[in-house]
Amino acid sequence: MKKLYWIFFVFFSIVSCSHDGSIDDRLDTAEAMIPSSPDSALTYLLEIDGNFTKEQNARHALLISIALDKNYIDQTSDSLINIAVNYYQHKSRTLEKFKAYYYQARVYQNSGKMDKAMESIVKAEHVKAKQIDAADIARMYIVKSQICSCRFAINDELKYLKSAAYYADQAGNKNNLVYVTLRQANIYLLKENKHSLDSCFRIVRSVPEISYYNNLSLLELELQSALKDNVPTDSLRRELTQYMNISGDISELAWKTIAQVYLHMNEPDSAVWALTRHREFADVRSDEPYFLLMANAYAAADDYRQAYKSLQRYSDLSDSLDLVSIRQEVSSVEEMYLNRMKLRR
């Protein structure tokens, strides 16, 4: 994802003065371009100049925010989208109000402000308008599920993923339907709900042509499921080979899952190799599961010196994360205590 360092340039380039009718025509053109050519639309929007009315200013800001998101450019400053939110929140233009709150939530999500993101997405959810299409509602529930995922609220995450699946299906957006169904499958895998997991797999397999990344996720989940089901080694090896061969870029493979499979097949040297590959593509400095897996792999390979070093690193990380958790809990209790004391006064 590209970082947005020039947001303030865009913000200060948008001015609000007298009405210019040609601006409306150019905004209409840009909006029509966004679905099929978001990169061209963004360039076009940034070139629009003139004397903006407040309404044009808000629409321009909203369209730029949409185009940035469609181009996978993460906005972390709310300066731009707030121009749209501050205008549309007091207007009856419900579709624009919905989109303004939705893209405000995306900005807060990008910047890690999940409480503010949830507040904005709930505001979007409560905008009632017949012209909001099913595809936009599906995307709203996807964001809501992602926020719940960050909070480890998997039951709420699952609820919103089901809503997203319903609206994606209504919209005929098979790519999003497969994406949210695979995320449901991941939760069912964690919950060890075999029936619901297999149901998700059947839904995904029924879609004629799924995207490369969705197919990669499907094969990984099926590999993890086979591992949990303790299938025969030959079957597991076939699924592993199929998964590894489909990737066009080895950095996209889930090397920790591959290491688990090798360990299960009693091939610790291959497990160490897989974890070494994982380290090439990921920052493992705070990765607890990585060091635990590495300790188990070295121990299975009778390299107890390396196993001890990895286990020690895992222990250090576990202790430090527990300490952070304890500090957060103490801080929370202290805050509740202070608030209660204020109420008593």
Side-chain angles (χ1 to χ4, degrees), residues 149 152 154 178-179 181-198 200-202 204-205 210-321:
S149 177
F152 303 102
I154 62 171
V178 169
Y179 167 73
T181 303
L182 287 172
R183 285 189 53 206
Q184 289 180 63
N186 189 56
I187 292 174
Y188 290 130
L189 185 67
L190 292 171
K191 287 175 166 283
E192 298 185 347
N193 185 333
K194 177 69 175 171
H195 176 75
S196 296
L197 174 63
D198 288 342
C200 288
F201 286 155
R202 282 194 297 273
V204 173
R205 287 293 185 191
I210 65 175
S211 71
Y212 163 75
Y213 287 108
N214 279 337
N215 196 28
L216 197 63
S217 296
L218 170 62
L219 291 176
E220 183 195 349
L221 283 168
E222 288 181 331
L223 184 60
Q224 291 176 342
S225 178
L227 193 59
K228 281 204 169 190
D229 291 344
N230 201 25
V231 300
T233 300
D234 288 346
S235 298
L236 191 59
R237 192 181 301 280
R238 277 196 300 272
E239 295 213 24
L240 176 61
T241 301
Q242 183 185 12
Y243 171 64
M244 294 181 71
N245 285 345
I246 198 174
S247 173
D249 182 350
I250 62 171
S251 68
E252 295 166 344
L253 290 171
W255 288 103
K256 286 190 290 188
T257 298
I258 293 170
Q260 286 178 292
V261 173
Y262 280 130
L263 271 175
H264 184 82
M265 296 191 300
N266 197 28
E267 298 178 18
D269 290 337
S270 295
V272 171
W273 168 80
L275 289 168
T276 303
R277 301 312 298 264
H278 174 73
R279 192 173 60 215
E280 291 175 17
F281 307 119
D283 184 356
V284 300
R285 287 174 294 181
S286 300
D287 191 343
E288 268 188 287
Y290 164 81
F291 287 104
L292 183 59
L293 270 172
M294 191 61 96
N296 289 334
Y298 277 129
D302 296 330
D303 188 342
Y304 297 109
R305 180 174 175 273
Q306 291 296 335
Y308 175 75
K309 287 174 65 177
S310 296
L311 196 59
Q312 192 172 42
R313 179 64 178 145
Y314 165 76
S315 178
D316 291 343
L317 277 173
S318 181
D319 289 345
S320 65
L321 290 173

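Numbering of residues begins at 1 and proceeds along the displayed sequence. Quick note: numbers below take in every heavy atom, side chains included, and nothing from hydrogens, waters or symmetry partners. Keep in mind the model is a prediction, meaning the values are calculated, not measured.
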About how many Å separate [atom2] of [Y] and [atom1] of [X], when rounded to the nearest 0.5 Å?
X	Y	atom1	atom2	value
Lys228	His264	NZ	NE2	13.0 Å
Gln260	Leu275	CD	CG	9.0 Å
Asn193	Asp198	CG	CG	9.5 Å
Thr233	Leu240	OG1	CG	11.5 Å
Leu317	Arg285	CG	CZ	11.0 Å
Arg313	Ser318	CZ	OG	11.5 Å

Closest approach of [X] and [Y], non-hydrogen atoms and distance?
X	Y	answer
Tyr298	Ser310	CD1-OG, 3.9 Å
Leu253	Ser247	CD2-CB, 3.5 Å
Ala297	Pro268	O-CB, 3.5 Å
Leu216	Tyr243	O-CE1, 3.6 Å

- Take Leu263 and Leu293 through the test side chain to side chain contact (heavy atoms under 4.5 Å, CB included) and record every step on the way to the result. CA-CA 9 Å; Leu263 271 175; Leu293 270 172; 4.0 Å; yes

- Task: Check step by step if side chain to side chain contact (heavy atoms under 4.5 Å, CB included) holds for Val261 and Glu239.
- Result: CA-CA 10 Å; Val261 173; Glu239 295 213 24; over 6 Å; no

Can you tell if the side chain of [X] reaches within under 4.5 Å of the side chain of [Y], non-hydrogen atoms only?
X	Y	value
Leu236	Leu223	yes
Leu292	Leu311	yes
Ile258	His278	no
Val204	Asn214	no
Val272	Gln306	no

- Intermediate values then yes/no, side chain to side chain donor-acceptor pair (under 3.5 Å), Tyr314 and Asp316: CA-CA 5 Å; Tyr314 165 76; Asp316 291 343; over 6 Å; no

- Item | Modelled atom types, side-chain donor and acceptor of Ser235 and Arg238, under 3.5 Å | yes

- Do the side-chain N and O atoms of Asp302 and Tyr304 include a donor-acceptor pair separated by under 3.5 angstrom? yes

- Message: Looking at Tyr212, I want to see if its OH is surrounded by more than 12 non-hydrogen atoms of other residues, nucleotides or ligands under 6.0 Å.
- Response: yes

- Item | Atom CZ of Phe281 with >12 non-hydrogen neighbours under 6.0 angstrom | yes

- According to the interplanar angle, ranging from 0 to 90°, do the rings of Trp273 and Trp255 count as parallel (below 30°), tilted (30 to 60°) or perpendicular (above 60°)? perpendicular

- Query: Below 4.0 angstrom, N of the basic side chain to O of the carboxylate: do Asp287 and Arg279 qualify?
  - Reply: no

- Arg183 and Ser149: CA distance, side-chain angles, deciding distance, side chain to side chain contact (heavy atoms under 4.5 Å, CB included) verdict: CA-CA 10 Å; Arg183 285 189 53 206; Ser149 177; 4.1 Å; yes

- Mark yes or no for whether Ser225, through its side chain, and Leu221, through its backbone, hold a donor-acceptor pair below 3.5 Å. no

